[in-house]
Amino acid sequence: MPGCHITVMLLELESLWNLTGTSHWIFQVGWQVRRRVGSCFVSSQRSSELDEETTDNISSSSALIFPTLAGVQFVRATSHPLPQSHKQSFTTKMTVHALHIFDRKGKTLFTKRYSQPGSNQTTPAQDAEQLAEQRKLIFGMLFSLRELMGALTPEGEIPALHSVKTGACTLHCYETISGIRIALYTNNNPTMNAIGSRAGVENARTSFQAALKHIYSEIWVECVVRSPLYRPGDIRVNEGESNNDGDIGRFDIRSTNFEQKLDAFLQSMPWFR
Amino acid sequence: MRVDRTKQIMGYLERRYYYMLVTIQVTPRRRRLPPPTPQQTSHPTNRNKRQPHIMGFLHLFIVNKSGGLILHRPLGPSAPSIGTNEWLRIGSTFHSLHAIAAEAGPVRLPGNKNSYGADDGIEDIQGGILLKCLQTRTGIKFVLTAEPGTTDLEVVLREIYVLYSDCALKDPFYELEMPIRCELFTNAVENLIERVNSEGAGKVR
């Protein structure tokens with residue numbers, strides 16, 4: 001997506017801004033500049049020069065890229081004013097894709113998707129099956145990654161897994177002592193991570209961790225665990241399994257207002273669109 | 001006679017002690033890293049200089065496209081020592097998890113290829129340690145671990161890829177996908193880490 005690459009570049013160029021004399025040329029040192037098919041790069045410019053030329057669509061600007069021997073790439077671009085606050089100028093796509101909660105044995109306690117998969121040809125039954133498969137993969141992956149980190153961590157540090165980033169999305173994980181794992185899939189937007197720093201000092205890892213911790217302690221424990229109908233180990237998975245007769249009599253999360261509270265909390269986060 | 005017996009015993013003990021010393025001083029299997037440069041706070045003329053970033057690199061390991069480990073190397077004094085069998089296990093586990101992470105995500109990149117043309121997978125793990133992985137188009141994964149707070153891991157990783165292609169691939173005796181035994185490569189990696197530790201990642205080249 002053009003948005004992701006452009007945000008990466010804009011963030012890095014901030015620090016190099018003072019090196020450039022003219023406002024039309026931006027130095028980009030490093031390997032991160034790549035041209036996607038059909039898309040162009042936009043560099044940020046001083047807003048004083050560009051008040052007239054504002055474009056809403058980032059990809060409509062043109063750019064020229066000259067790789068040099070030193071790896072420095074000069075980018076000349078047409079205008080896009082430097083956004084005063086990062087929030088309004090970047091993509092308004094959903095940044096949270098899904099949330100899963102697993103128990104210690106790997107059973108899914110709760111799962112929710114916030115963005116729909118792109119392809120339309122899967123029927124709901126296939127979709128549910130795919131989702132069940134994915135959930136098992138996610139749990140297995142979290143389990144194995146946690147062990148891997150334990151092997152690689154030096155003795156002084158506590159092994160923990162906070163986030164796993166792939167090219168497509170980022171997985172944030174929070175694990176409690178009782179083995180409950182909360183997994184949150186978000187988009188790979190670096191400004192989202194910058195916005196998401198609540199303390200303002202540390203990076204987004206802290207704030208995603210803080211948010212997941214809040215989800216566990218304030219929302220899960222309050223709404224589900226303290227519900228009088230709750231029996232640990234007897235939770236019914238609520239994703240499209242209404243035809244499962246064996247689940248009658250089990251505790252259903254829909255009987256609590258966990259989901260509403262969760263949605264309200266996530267939407268109140270600055271990084272949720 | 002008693003003196004002789006004592007001498008005999010002393011001789012025996014001396015020999016044992018000598019054997020013990022000899023076995024300890026056999027050349028170590030891998031070259032010891034130089035001791036870390038001490039922080040320069042005490043020297044009066046350095047008080048005004050900016051402190052270098054604390055770069056705590058831990059390990060570098062390289063996995064080939066079938067999942068076998070071709071290099072593992074500690075990069076710093078705080079790296080935990082891990083046995084060879086465990087390394088092999090870590091290498092193949094990481095290889096599978098790298099691919100599973102792309103499968104398990106709710107969205108996929110088009111064609112499952114990331115922006116560098118390589119298959120999508122784990123790029124970055126944060127937690128008790130920082131782990132960065134670079135997968136090339138040929139399927140080789142370069143993985144670098146470091147203590148939290150270390151910056152510029154991607155720059156160093158890219159540079160290690162360049163060193164690999166300069167030293168290991170151009171070595172006429174090196175077979176692809178086999179364990180790397182090129183001294184030039186290991187020396188270059190050590191020099192790179194020393195340079196980065198002392199001068200920061202701006203001086204990578």
Side-chain angles (χ1 to χ4, degrees), chain A residues 1 4-5 29-32 34-37 70-71 97-98 113-118 131 133-142 144-173 183 185 187-188 203-205 209, chain B residues 56 58-59 61 76-82 86-87 89-90 93-94 96-110 112-133 135 143 145 147-148 152 154-155 157-159 161-162 202 204-205:
Chain A
M1 297 289 126
C4 296
H5 288 273
V29 179
W31 302 83
Q32 282 84 1
R34 285 284 182 273
R35 194 190 335 228
R36 297 294 297 271
V37 175
H97 291 296
R113 297 195 77 149
Y114 288 96
S115 69
Q116 295 308 315
L131 191 61
E133 278 294 314
Q134 263 186 2
R135 287 199 306 253
K136 290 185 210 151
L137 279 180
I138 293 171
F139 179 76
M141 179 176 74
L142 285 179
S144 313
L145 270 181
R146 177 80 176 62
E147 288 214 31
L148 196 75
M149 299 295 273
L152 288 172
T153 311
E155 286 97 39
E157 314 258 347
I158 306 168
L161 186 63
H162 291 157
S163 73
V164 179
K165 175 167 167 310
T166 68
C169 46
T170 307
L171 167 64
H172 302 272
C173 172
Y185 266 102
N187 212 356
N188 258 351
N203 56 10
R205 176 164 38 100
Q209 284 288 301
Chain B
L58 294 172
H59 283 293
F61 63 98
S78 49
S81 63
I82 300 180
E86 176 110 4
W87 267 122
R89 197 182 58 80
I90 288 175
T93 314
F94 185 79
S96 344
L97 289 175
H98 181 94
I100 288 178
E103 286 273 331
V107 290
R108 305 268 186 90
L109 290 178
N112 213 27
K113 303 272 182 206
N114 67 8
S115 51
Y116 302 120
D119 283 326
D120 196 14
I122 295 180
E123 285 180 8
D124 180 358
I125 300 182
Q126 292 178 356
I129 55 173
L130 298 181
L131 185 146
K132 280 255 191 266
C133 169
Q135 165 147 317
V143 185
T145 60
E147 286 169 349
D152 297 317
E154 283 125 352
V155 179
L157 202 54
R158 276 267 156 202
E159 188 59 29
Y161 180 33
V162 171
V204 150
R205 286 199 174 245

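This one's a predicted model, so the numbers in the text were calculated from it and none came from an experiment. Order of the sequence lines sets the chain letters (A, B, ...), proteins ahead of strands, with each chain counted from 1.
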Q: Run the numbers on L148(A) and I125(B) for side-chain contact (heavy atoms from CB on, under 4.5 Å), then give the verdict.
A: CA-CA 11 Å; L148(A) 196 75; I125(B) 300 182; 5.6 Å; no
**Q.** Minimal non-hydrogen separation, G105(B) against C169(A), with atom names
**A.** CA-SG, 4.2 Å
Q) Minimum heavy-atom separation for H97(A) to P106(B), with atom names? A) CB-CG, 3.6 Å
Q. Where is the tightest heavy-atom contact between P80(B) and A151(A), given as atom of each residue plus distance?
A. CG-O, 4.4 Å
Q.
My understanding is that only residues two or more places apart in sequence, or in another chain, count here; which of them pass side-chain hydrogen bond (donor to acceptor under 3.5 Å, both in side chains) with E86(B)?
A. R89(B)
(Q) Report which part of A79(B) has an atom under 4.5 Å of a heavy atom belonging to chain A: side chain, backbone, both, or neither. (A) neither
**Q.** Contacts of type side-chain hydrogen bond (donor to acceptor under 3.5 Å, both in side chains), residue H59(B), not counting sequence neighbours
**A.** none
Q | Nearest-0.5 Å distance, NZ of residue K165(A) to NZ of residue K132(B) | A | 6.5 Å
Q: Determine the minimum heavy-atom distance between T166(A) and A101(B), stating which atoms define it.
A: CG2-CB, 3.8 Å
Q: Determine yes or no for a side-chain-to-main-chain donor-acceptor pair under 3.5 angstrom, with D120(B) supplying the side chain and G167(A) the backbone.
A: yes
Q: Please flag which part of L152(A) lies under 4.5 Å from any non-hydrogen atom of chain B: side chain, backbone, both or neither.
A: both
Q: First locate atom CE of M149(A), then atom CD1 of I90(B), and finally report the distance between them rounded to the nearest 0.5 Å.
A: 11.0 Å
Q) If you measure from CG on L142(A) to CD1 on I100(B), what distance do you get to the nearest 0.5 Å? A) 11.0 Å
Q.
Given heavy-atom pairs under 4.5 angstrom as the criterion, report whether the side chain, backbone, both or neither of L58(B) touches chain A.
A. side chain
Q) What are the two closest non-hydrogen atoms of Q134(A) and E103(B), and how far apart are they? A) NE2-O, 3.8 Å
Q. Are any non-hydrogen side-chain atoms of D124(B) and S163(A) less than 4.5 angstrom apart?
A. no
Q. In terms of heavy-atom pairs under 4.5 Å with chain A, which of L97(B), T93(B), I82(B) leads?
A. L97(B)
(Q) For chain B, which candidate among S144(A), G140(A), C173(A) shows the most heavy-atom pairs at distances under 4.5 Å? (A) S144(A)
